[in-house]
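To keep things clear, I will list the structure first and then write my remarks on it.
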There are 2 protein chains.
Amino acid sequence: MKISKRGEYALRALIDIGIAQELGRELVQINELAQQERLPIKFLEQILTQLKEAGYVDSKRGKLGGYFLAKPMKKIKFGAVIRLIDGPLAPISCVSVTAYERCTCPDEAHCGLRMLMLDVRNSIAAILDRYTLADTVEVTLRKMRRDKVALPFLGGILRAQLPAPLEFVKQNAKSKRKTK
Amino acid sequence: MKISKRGEYALRALIDIGIAQELGRELVQINELAQQERLPIKFLEQILTQLKEAGYVDSKRGKLGGYFLAKPMKKIKFGAVIRLIDGPLAPISCVSVTAYERCTCPDEAHCGLRMLMLDVRNSIAAILDRYTLADTVEVTLRKMRRDKVALPFLGGILRAQLPAPLEFVKQNAKSKRKTK
DNA sequence: CTTATGTTGACCGCTCCAGTAGACAAAAGA
DNA sequence: TCTTTTGTCTACTGGAGCGGTCAACATAAG
């Protein structure tokens, strides 16, 4: 019942961009995203491209470039994003609403497995199709403030103009190699 | 959020064996299972072996052999079977109860994704860890009887002693080839 | 023109899924 | 005892997809 790393990273990136935006930052660079969540930068890039094609984010190129949300946070539902990246939410495709496919069982109407999995798919969808990026960003920020944790993406636009000490990221990529 | 074919077939097989047992049949042959659900027989065999190792089914060899449940249907929970075959129910492993693993995010306590996925995992587990094979078999049989559908695995032991017209199965295996 | 960013596309190693094949062991019946 | 019918065990495999990496290029700011 897992979602793929690809899907997971997509959601992390969206949430981070959302938080940054909520904190007054209009652009987030891929370096920052990768650093914040400790993700492989090039892989994340592919994912952001996919999110861009689907209209969730947009980007600005060149120096001082970066990514930003292409639609209001209230309109970004997690279910839709996961469907985009990972396919249907349903555990088996004969209970998928958005991508139904017949299965091999002789009689769907009296298939015990189908009844069960339909329940599962509905309760997954009930959550993922209800909550939006706006909800999650709001809750997250509230919790962070309540616990007085340092907020990420501080400093607004100013920080983007700093010399950017990004050695971390490059090191990160290499340090993951194992002694084979 | 899919479960694997392996997991799906395991559940189908268990439900079928359960139905057969409820109808007074104490043994079900793998041929019948494969035929009923139209599954590749040799693949199903591997899965049944795995279910046997885990103590869900047991088997009798030789002529008039077959598979049967090794524990009461009330004690077979779908969640446990899926965990056995497919691993944790949780969409991401940092919200798994049975197989927790730390993720890369800097602060789990304030991770928006984690909060969301914890909800998802709990509502999946609420269903799959609650319902047992007994529940599903009962509901399925009631529906079949209500709609006056022909019951599978009829005839008790008698049928197992018939000459067994199993050409279907062999043909089935070949007919799935596609014109490449 | 330099430098920092995003863009594109090719590539890749590996694992796992889904399934196949074949020889073998046990049990029942002739 | 021999045959037939079942399950058991082991090995293998094609293909897909996951989780990345790399190099070359386009764009924009200073």
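A, B, ... follow the sequence lines: proteins, then strands. Residue 1 opens every chain.
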Rounded distance (Å) that lies between atom [atom2] of [N] and atom [atom1] of [X]:
X: A:Ile41; N: D:dG19; atom1: CD1; atom2: C1'; value: 16 Å
X: B:Phe43; N: C:dA21; atom1: CZ; atom2: P; value: 15 Å
X: B:Ile3; N: C:dC16; atom1: CD1; atom2: P; value: 19 Å
X: B:Gln50; N: D:dC9; atom1: CD; atom2: C1'; value: 15 Å
X: A:Glu8; N: D:dC18; atom1: CD; atom2: C1'; value: 13 Å
X: A:Lys63; N: C:dT5; atom1: NZ; atom2: C1'; value: 9 Å
X: A:Leu39; N: D:dT21; atom1: CG; atom2: P; value: 11 Å
X: A:Leu64; N: D:dT27; atom1: CG; atom2: C1'; value: 13 Å

Out of [options], which nucleotide sits closest to the side chain of [X]?
X: A:Lys42; options: D:dG7, D:dA23, D:dT8; answer: D:dA23
X: A:Pro40; options: D:dT8, C:dG6, D:dT21; answer: D:dT21
X: B:Glu45; options: D:dT8, D:dG7, D:dA26; answer: D:dT8
X: B:Ile30; options: D:dG7, D:dA11, D:dA23; answer: D:dG7
X: B:Gln29; options: D:dT6, C:dA10, C:dT7; answer: D:dT6
X: B:Ser4; options: C:dG22, C:dT7, C:dA18; answer: C:dA18

*A:Lys5 near the nucleic acid: base, sugar-phosphate alone, or nothing, with a heavy-atom cut-off under 4.0 Å?*
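The answer is sugar-phosphate, as A:Lys5 gets under 4.0 Å only of primed atoms, P, OP1 or OP2.
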*Looking only at atom types and distance, does a side-chain atom of B:Thr132 sit under 3.5 Å from a main-chain N or O of B:Lys75, one as donor and one as acceptor?*
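Side chain of B:Thr132 to backbone of B:Lys75: no pair is present.
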Phosphate OP1/OP2 of [N]: any [X] side-chain N/O under 4.0 Å:
X: A:Tyr9; N: D:dG20; result: yes
X: B:Lys2; N: C:dC17; result: no
X: A:Ser59; N: C:dT7; result: yes

*For A:Asp86 and for B:Leu48, locate the closest nucleotide of DNA chain D by heavy-atom distance; then report the residue assigned to the nucleotide nearer the 5' terminus.*
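Its nearest nucleotide lies further toward 5', so the answer is B:Leu48.
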*Is a donor-acceptor contact shorter than 3.5 angstrom present between the side chain of A:Arg61 and the base of D:dA28?*
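Answer no: no donor N or O sits under 3.5 Å from an acceptor.
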*Any N/O donor-acceptor pair, A:Gln46 side-chain to C:dT8 base, under 3.5 Å*: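 By the distance-only test, no, there is no pair.
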*Heavy-atom check, side chain of B:Glu8 versus side chain of A:Pro91, under 4.5 Å*: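 The answer is no; the side chains never approach within 4.5 Å.
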*Are A:Cys105 and A:His110 side-chain neighbours, meaning at least one heavy-atom pair lies under 4.5 Å?*
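No. Closest side-chain heavy atoms not under 4.5 Å.
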*asked:* Do B:Leu89 and A:Ile127 land in one hydrophobic cluster if side-chain heavy atoms of ILVMFWY residues count as linked below 4.5 Å?
replied: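 Yes, B:Leu89 connects to A:Ile127 through the hydrophobic network.
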*Are B:Val28 and B:Leu151 in one and the same hydrophobic cluster, where Ile, Leu, Val, Met, Phe, Trp and Tyr link if side-chain heavy atoms are under 4.5 Å apart?*
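In one cluster with B:Val28: B:Leu151, yes.
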Please report, to 0.1 Å, the donor-acceptor pairs under 3.5 Å made by any side chain of residues 79-87 of chain A, with sequence neighbours excluded.
unit_1: A:Arg83; atom_1: NH1; unit_2: A:Asp129; atom_2: OD1; d: 3.1
unit_1: A:Arg83; atom_1: NH2; unit_2: A:Asp129; atom_2: OD2; d: 2.9
unit_1: A:Asp86; atom_1: OD1; unit_2: A:Ser4; atom_2: OG; d: 2.5
unit_1: A:Asp86; atom_1: OD2; unit_2: A:Ser4; atom_2: N; d: 2.8
unit_1: A:Asp86; atom_1: OD2; unit_2: A:Ser4; atom_2: OG; d: 3.2

_Using heavy-atom distances to pick each residue's nearest nucleotide on DNA chain C, tell me which of A:Thr49 and A:Gly65 is more 5'._
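Result of the comparison: A:Gly65.
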